Trainee: 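Before we start, here is the structure in question, set down as structure tokens.
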Amino acid sequence: MSDPVRSVALHALRAVSEQDAYVNLVLPAMLDEHHIEGRDAAFATELVHGTLRRQGTYDAIIDHVASKGVRSIDPPVLDALRLGAHQLLNMRVPAHAAVSETVDVVRREIGHKPVAFTNALLRKIGQKDLDGWLAIVTEGLEGDEARAIRASHPLWIVQALREALGGHAAQIDKLLAADNLPPRVTLVARPGLSTPEQLPGTPGKLSPYARILDEGGDPGAIAEVRDGRAGVQDEGSQLVAIALAEAAVDGQDARWLDLCAGPGGKAALLGALAAGRGATLVANEMQEHRAELVRHGVRRLGNVEVTVFDGREGPWEPGSFDRVLVDAPCTGLGALRRRPESRWRRKPSDLDGLVPLQEALLTRALELVRPGGVVAYATCSPHVRETTRVVEAVTGGRDDVVVESTHQWWPHIDGTDAMFCAVLRRH
Ligand SMILES: C[S@@+](CC[C@H](N)C(=O)[O-])C[C@H]1O[C@@H](n2cnc3c(N)ncnc32)[C@H](O)[C@@H]1O
């Protein structure tokens with residue numbers, strides 16, 4: 001394969017759009033297979049992740065330059081055009097190389113037929129810079145419609161994020177911009193197993209256990225991460241585990257439960273915090289393959305039992321836990337910056353299935369915690385239907401539950417994923 005980097009990039013985009021692959025899984029495997037490393041691997045990652053993030057903007061531009069519109073274009077050719085547009089408009093690739101290399105990939109990987117078409121469209125796109133194109137494709141559009149194209153988010157997500165910002169809705173552009181920046185890798189030093197000072201990088205801003213790796217830092221090269229004394233974990237996730245661990249409980253503090261634990265990042269931190277107090281943790285996960293990831297994450301801890309049940313039905317005694325975490329399955333709209341394709345895959349109707357499950361899991365958690373104990377309800381989504389409205393629906397009309405605190409973290413303010421956490425106390 002000549003220029004294997006761009007060929008791999010196109011294959012990864014095809015796998016995402018054709019087979020619903022997750023780019024975070026499929027691209028590293030392809031890079032490994034083709035022995036693409038170092039700067040070439042970083043270039044391929046930027047090509048693919050950047051193209052996926054900015055797909056909404058590029059499709060609007062391609063729609064403008066293609067005489068029959070973007071929908072008339074064969075999916076493999078469209079992926080190649082997006083790849084070319086990203087190089088032309090958002091990367092420091094010289095325009096002639098962006099066009100000719102992308103056209104070569106089309107010739108090699110798709111065939112001769114679309115070569116002239118691709119060449120003509122990319123040349124047109126190369127005639128203006130990104131700002132020039134944005135002015136054209138948002139002409140006549142206002143507010144969120146223009147914003148959706150400019151910041152490359154589906155309109156319904158822009159509207160949901162603006163609603164979630166509430167009184168801070170004016171920050172929407174900053175939030176959308178933060179979603180388009182790849183996050184720095186953050187480590188967690190699991191207390192009792194390692195200290196942040198033993199890890200490379202700089203201290204976190206919010207969690208006392210966090211360390212932020214320098215750009216290009218490889219967590220796989222760190223001994224503490226390899227052997228489970230530390231892990232890779234966004235600071236927002238660390239803060240959720242800390243919020244549950246630090247909430248005051250009346251009386252004993254011996255039995256903790258993580259109802260939805262897979263893949264186990266929060267369970268590992270909670271387990272370490274529980275061990276420091278002589279408490280035990282049940283880390284439950286419904287899917288066996290994800291429970292296996294939890295077992296791996298907590299392998300250094302002797303106080304964690306991993307179970308595999310539907311959290312709504314597991315065989316625990318009512319009132320048998322002092323602290324319970326419900327890190328509920330959700331749309332993940334708070335983690336768009338680390339999952340480049342997910343914004344295009346999620347649908348508003350996903351909420352219709354998730355919200356009843358979230359309510360049922362929180363209801364069960366409130367049954368399993370003892371009076372005087374606490375429940376933390378968390379989502380890696382700021383969508384109000386999954387956050388405050390779930391808490392209101394479950395606690396409204398109950399006089400045995402008090403909402404002690406709610407907190408929404410944001411990428412553009414806190415540098416974390418947009419995690420939500422409510423701490424509830426049973427009476
Ligand atoms: C947001 S993730 C949890 C992330 C995890 N706490 C961590 O920090 O690594 C939600 C998890 O809930 C699991 N899940 C979905 N439905 C469930 C149910 N009914 N009971 C228990 N777990 C469930 C999913 O498989 C998924 O692993």
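Just so we're clear, the structure is a prediction, and the values are computed from it rather than from any experiment. Start at 1 and go down the list; that is how both ligands and their atoms are numbered.
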Trainee: Tell me whether Glu224 contacts the main-chain N or O of Ala230 through its side chain, where contact means a donor paired with an acceptor under 3.5 Å.
Mentor: no
Trainee: For Arg255, is there an ion pair with Asp322 - N to carboxylate O distance below 4.0 angstrom?
Mentor: no
Trainee: Which protein heavy atom lies closest to atom 23 (C) of ligand 1, and at what distance to 0.1 Å?
Mentor: Met286 CB, 3.7 Å
Trainee: Heavy-atom distances under 4.0 Å decide this one: backbone, side chain, both or neither, for Cys330 against ligand 1?
Mentor: neither
Trainee: Would you call Ala328 a ligand 1 contact, heavy-atom distance under 4.0 Å?
Mentor: yes
Trainee: Please tell me whether Gln408 and Thr387 have a donor and an acceptor in their side chains that are separated by less than 3.5 angstrom.
Mentor: no
Trainee: For ligand 1, is there an N or O atom under 3.5 Å from any N or O atom of Leu357?
Mentor: no
Trainee: Taking the ring of Phe420 and the ring of Trp409, is the distance between their centroids below 6.0 Å?
Mentor: no
Trainee: Would you mind checking which non-hydrogen protein atom is closest to atom 19 (N) of ligand 1, with the distance to 0.1 Å?
Mentor: Asp310 OD1, 2.9 Å
Trainee: Within 45° of the axis and under 6.0 Å from the centre of the six-membered ring of Tyr58, does NZ or CZ of Arg82 qualify?
Mentor: no
Trainee: Got a sec, which residues hit ring-ring contact (aromatic ring centres under 6.0 Å, His included) with His296, two or more places apart in sequence or on another chain?
Mentor: none
Trainee: Would you mind checking if Arg295 and Glu292 are paired as a salt bridge, meaning a charged N to carboxylate O distance below 4.0 Å?
Mentor: yes
Trainee: Can you tell me which portion of Leu259 lies within the under-4.0 Å heavy-atom range of ligand 1? Options are side chain, backbone, both, or neither.
Mentor: backbone
Trainee: With respect to atom 8 (O) of ligand 1, which of Lys266, Arg312, Gln238 exhibits the smallest heavy-atom separation?
Mentor: Lys266
Trainee: N/O to N/O below 3.5 Å, does that happen between Asp258 and ligand 1?
Mentor: no
Trainee: Quick check: Gly264 and ligand 1, any N/O pair under 3.5 Å apart?
Mentor: yes
Trainee: So Arg184 and Leu213, side chain to side chain contact (heavy atoms under 4.5 Å, CB included) or not? Walk me through it.
Mentor: CA-CA 7 Å; Arg184 298 280 285 275; Leu213 272 193; over 6 Å; no
Trainee: Would you mind finding which of Cys260, Ala360, Ala291, Ala241 brings a heavy atom closest to atom 12 (O) of ligand 1?
Mentor: Cys260
Trainee: Find all atoms of ligand 1 within a distance of less than 4.0 Å from any non-hydrogen atom belonging to Glu285, and give their numbers and elements.
Mentor: 11 (C), 12 (O), 13 (C), 24 (C), 25 (O), 26 (C), 27 (O)
Trainee: Of the side chain and backbone of Arg290, name the one, both, or neither that has a heavy atom under 4.0 Å from an atom of ligand 1.
Mentor: side chain
Trainee: Has Ala261 got any heavy atom lying under 4.0 angstrom from an atom of ligand 1?
Mentor: yes
Trainee: In terms of side-chain geometry, is the basic nitrogen of Arg385 or Asp352 positioned less than 4.0 Å from the acidic oxygen of its partner?
Mentor: yes
